[in-house]
Amino acid sequence: MSIVLELLGMNKIEENLINAINKALKTRFDFEASEGMVMVEIPKDKTNGDYSTNIAMRLTKVLSKRPQDIVNELKEELLKENKDIEAVEIAGPGFINFRMKKASLTSTIKTIIDAGDNFGQTDTNKGTKVCVEYVSVNPTGDIHPGHARGAAIGDSLTRMMKKTGYDVTREYYINDAGNQIDNLGRSIYVRYHELFGIEKPFPEDGYHAKDIIDLANYIKNEVGDKYVNVEYADCAQYFKETGTKLELDKLKADLELYGVEFDVWTSEKTLYARNLVLSALDKLKESGLLFENEGATWLRTTEYGDDKDRVLVKSDGSYTYFTPDISYHLDKFNRGHERLIDILGADHHGYIARLKAAVKALGKNPDNLDVIIVQMVRLLKDGEEFKLSKRSGKAIALRDIIEEAGVDATRYFFVSKAANSQMDFDIDVATKKSNDNPVYYAQYAHARMCSILKNDIAYEVKDVYPLIENDKEAQLLKQLNEFPNVIEECVEYQEPHRMCNYIQKLASLFHSFYNECKVIDRDNMELTKERLALVKASEIVLKNALYLIGVSAPEQM
RNA sequence: GUCCGAGUAGCUCAGCCGGAUAGAGCAUACGCCUUCUAAGCGUACGGUCGGGGGUUCGAGUCCCUCCUCGGACGCCA
């Protein structure tokens with residue numbers, strides 16, 4: 001491990017244990033373990049030591065020995081190799097349990113305090129360019145709970161990816177060129193005329209939501225009666241462009257309020273302007289998978305595992321949604337991204353196969369495109385389901401939820417559950433602002449830490465803390481030490497919700513420590529200064545963890 | 001019908017790619033503030049991990065099958 005990594009806060013204790021085990025295996029059995037084969041974990045039951053490994057059980061076949069015999073042969077070597085180990089024991093079906101010297105666990109305090117906001121940062125994926133696309137709500141309406149969930153997951157995941165060294169581009173794809181924009185324009189056009197008392201037929205696929213009337217009002221204020229009784233065809237561009245811009249402004253404002261950011265906003269329209277759609281079609285033509293049928297141009301996606309072939313150019317000459325999206329993905333690769341991640345709603349899952357097939361047809365590796373599907377959110381209010389119709393005009397939008405539950409609770413709620421399981425969003429519970437909400441539990445722990453740190457005694461920074469030896473302290477230390485590992489796992493499995501489990505556990509261990517260990521004791525200043533350092537380290541980690549899920553860390557509550 | 005996801009405590013959900021007696025929170029019951037924030041801590045109660053087979057030292061986790069729920073199967077986006 002490099003010096004840089006240590007400064008940044010890699011998990012030294014576990015790394016050293018793994019190294020010792022690997023060395024002992026080599027020395028005693030001449031066995032070279034593959035990367036990642038030896039793993040250590042913190043046993044659920046603390047009577048099983050500070051750390052444990054299942055390597056003895058995994059090697060029974062390879063070495064043709066019983067776990068007990070393996071451990072007996074390794075034991076001395078391990079103690080010799082790693083001086084931080086207090087004792088090595090075998091337990092259960094063949095776990096090797098390690099009890100660590102108390103002082104060695106405390107070395108993590110200095111590591112954390114020195115690293116500060118950077119604790120948890122590693123360079124595991126350093127330099128890898130990756131593009132993550134999420135939200136991408138059409139500029140025709142509001143952000144709804146399903147989108148809000150994807151936004152929370154995407155934003156949190158990208159924050160974590162950066163922590164592991166990824167060069168992340170956070171990207172939003174603006175669908176500002178399809179049929180839906182025409183429907184938007186027509187809908188505003190009709191509402192605009194209604195404001196002048198003129199009835200026009202509402203478009204069949206129009207948007208009935210109230211905010212369309214707001215847009216019409218805005219336009220009326222801007223241009224007065226300029227477009228009254230002008231044929232739609234003659235002012236379509238104005239209504240489409242103005243509507244798109246206003247809707248997009250609203251989306252941006254809502255996302256900013258929500259703490260969700262993007263580096264690049266890519267407009268579908270500019271894909272055409274930059275000629276990317278045609279050049280993508282040319283590229284597909286080279287693949288030999290394009291064919292004509294009934295006046296339309298198709299891509300033979302079945303060649304690469306899709307259920308059926310897909311239309312790219314309709315018989316009327318216009319493109320399907322798929323076509324510019326293909327060129328968009330090609331562009332993302334061409335901009336130097338080694339990996340692409342799309343975070344899509346569950347209703348898009350059927351889209352994955354054709355998208356991957358298209359990527360393959362473009363000569364790119366479909367394995368470099370990951371699609372995370374975020375399952376549906378069912379809205380409940382007064383025990384009844386709320387339909388998530390964008391056009392019903394009565395669906396609840398992100399900003400309504402934020403208004404009632406706050407950004408922190410909303411983001412926590414959405415990110416805390418695995419993306420691939422459906423969830424119910426009970427408005428009544430989410431807006432209750434009661435102690436039921438786990439976000440308060442974690443924030444309260446942080447406020448408590450800050451409260452303790454606000455006094456005239458300074459915490460002490462040193463290599464080891466000999467007075468910190470209480471069992472609650474040891475558990476807290478081990479949890480703090482886990483933080484970089486948790487980030488890595490969240491990123492590796494693309495499951496940011498694991499961070500919430502970590503946060504709850506950390507908060508719980510801290511509250512428990514708080515109740516058992518009085519930190520400030522003016523009759524024992526040495527212990528006080530050491531414990532204050534532990535509290536400071538806890539505060540740093542909890543704040544960093546909350547940041548990764550976009551939740552604030554209040555200093556008082 | 002085909003494909004994808006889900007099914008774990010009364011409720012909401014975890015379960016770290018096969019490990020130790022399956023865990024939290026809420027709810028219920030009982031304890032703990034003259035002490036750094038009681039939005040807290042502790043104890044108890046609560047489970048045929050949807051059903052049935054299989055793989056092996058070992059399965060909530062992997063394979064097969066069936067059941068239930070949600071979603072997707074457009075020249076819509």
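Residue numbers begin at 1 in each chain, while the letters A, B, ... track the order of the sequences. Please read these numbers as outputs of a predicted model, since none were measured by experiment.
As a whole-Å value, the separation of A/I96 CD1 from B/rA20 P is 16 Å. As rounded to whole Å, 18 Å separates atom P of B/rG25 from atom NE2 of A/H497. Remark: C1' of B/rU37 and OH of A/Y441 are 14 Å apart, rounded to the nearest angstrom. With rounding to whole Å, A/I352 atom CD1 is found 8 Å from B/rC4 atom C1'. Atom pair A/Y412:OH and B/rC13:P shows a separation of 14 Å (rounding to whole Å applied). We find that CG of A/L506 is positioned 16 Å from P of B/rA24, with the value rounded to whole Å. Here B/rC69 presents its C1' atom at 17 Å from CE of A/M423, a figure rounded to the nearest Å.
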Please list, one pair per line, the donor and acceptor atoms closer than 3.5 Å that link side chains of residues 531-541 of chain A to other protein atoms, with sequence neighbours excluded.
from   : atom 1 : to     : atom 2 : distance (Å)
A/R531 : NE     : A/E473 : OE2    : 2.7
A/R531 : NH1    : A/K518 : O      : 3.0
A/R531 : NH2    : A/E473 : OE2    : 3.4
A/K536 : NZ     : A/E539 : OE1    : 3.2
A/S538 : OG     : A/L534 : O      : 2.8
A/E539 : OE2    : A/H446 : NE2    : 2.8

Donor-acceptor pairs are to be reported for all side-chain atoms of residues 53-60 of chain A against protein atoms at under 3.5 Å, with residues two or more places apart or in another chain.
from  : atom 1 : to    : atom 2 : distance (Å)
A/T53 : OG1    : A/M39 : O      : 2.8
A/T53 : OG1    : A/I55 : N      : 3.3
A/R58 : NH1    : A/M37 : O      : 3.1
A/T60 : OG1    : A/M57 : O      : 2.9

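Using a 4.0 Å cut-off, no side-chain N or O of A/N48 falls inside it from OP1 or OP2 of B/rA20.
When heavy atoms are screened at a 4.0 angstrom cut-off, A/S52 is found touching base atoms of the nucleic acid. Within the 4.0 angstrom heavy-atom criterion, no nucleotide atom of any strand lies near A/N485. Nucleic acid contact for A/Q556: base, since at least one base atom lies under 4.0 Å from a heavy atom of the residue. Residue A/Q422 is classed as a base contact, given a heavy-atom separation below 4.0 Å to a base. The residue A/A418 sits close only to the backbone: its heavy atoms come under 4.0 Å of sugar-phosphate atoms, none of a base. Across all strands shown, A/S451 has heavy atoms under 4.0 Å from base atoms, whether or not it also approaches the sugar-phosphate.
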Nucleotides 42-44 of chain B: which of its N/O atoms have a protein N/O under 3.5 Å away?
from   : atom 1 : to     : atom 2 : distance (Å)
B/rG42 : OP1    : A/S512 : OG     : 3.4

- Query: What string of B, S and - do you get for nucleotides 55-61 of chain B 5' to 3' if you count protein non-hydrogen atoms under 4.0 Å?
  - Reply: --S----

- Going 5' to 3' along nucleotides 72-77 of chain B, which nucleotides have protein heavy atoms under 4.0 Å from the base (write B), which only from the sugar-phosphate (write S), and which from neither (write -)? SSSBSB

- Task: Map every base of RNA chain B to its dot-bracket character, where paired means a Watson-Crick or G-U wobble contact with both distances under 3.5 Å and | marks a partner outside the strand.
- Result: (((((((..((((.....[...)))).(((((.......))))).....(((((..]....))))))))))))....

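Side-chain contact, A/Q180 with A/T140: no donor N or O sits under 3.5 Å from an acceptor N or O. Judged purely by distance below 3.5 Å, without hydrogens or angles, the side chains of A/E247 and A/Y207 never pair a donor atom with an acceptor atom. With hydrogens and angles left out, the side-chain atoms of A/N97 and A/Y51 include no donor and acceptor closer than 3.5 Å. No side-chain N or O of A/S451 forms a donor-acceptor pair with one of A/Q556 less than 3.5 Å apart.
Ionic pairing of A/E303 and A/K360 is not present here: no N-O contact between side-chain nitrogen and carboxylate oxygen is shorter than 4.0 angstrom. Look at A/D424 and A/R378 and you find a salt bridge, because one of the NZ, NE, NH1 or NH2 atoms lies within 4.0 Å of a carboxylate O, short of that distance.
The list of ring-ring contact (aromatic ring centres under 6.0 Å, His included) pairs with a residue in residues 489-509 of chain A, not counting sequence neighbours, reads A/F483-A/Y502.
Of the residues in residues 515-526 of chain A, those with a non-hydrogen atom less than 4.0 angstrom from any atom of RNA chain B are A/N515, A/C517, A/K518, A/V519, A/I520.
An anti orientation is assigned to B/rC62, its glycosidic angle lying beyond 90° of 0.
Separating the P atom of B/rG74 from that of B/rA22 is a span of 47 Å, rounded to the nearest Å. Rounded to the nearest Å, the gap between the P atom of B/rC73 and that of B/rC64 is 26 Å.
Every side-chain hydrogen bond (donor to acceptor under 3.5 Å, both in side chains) that A/E268 has, sequence neighbours left out, goes to A/N175. For A/S315, there are no side chain to side chain contact (heavy atoms under 4.5 Å, CB included) partners at least two apart in sequence or on another chain. Every residue meeting the salt bridge (Lys or Arg N to Asp or Glu O under 4.0 Å) condition with A/K332, not counting sequence neighbours, appears here in chain and number order: A/E133, A/D342. Residues satisfying the side chain to side chain contact (heavy atoms under 4.5 Å, CB included) criterion with A/R186, sequence neighbours excluded, are A/D182, A/P203, A/Y232.
Atom NZ of A/K314 has more than 12 heavy atoms from other residues, nucleotides or ligands within 6.0 Å. Heavy-atom contacts from other residues, nucleotides or ligands closer than 6.0 Å to CD of A/E292 number more than 12.
The aromatic rings of A/H348 and A/Y351 lie perpendicular to each other, with more than 60° between the two planes, well past the 30° mark.
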- Begin with the C-alpha distance, continue with both residues' side-chain angles, and end with the deciding distance and a verdict on side-chain hydrogen bond (donor to acceptor under 3.5 Å, both in side chains) for A/T164 and A/E488. CA-CA 7 Å; A/T164 68; A/E488 300 257 328; 5.6 Å; no

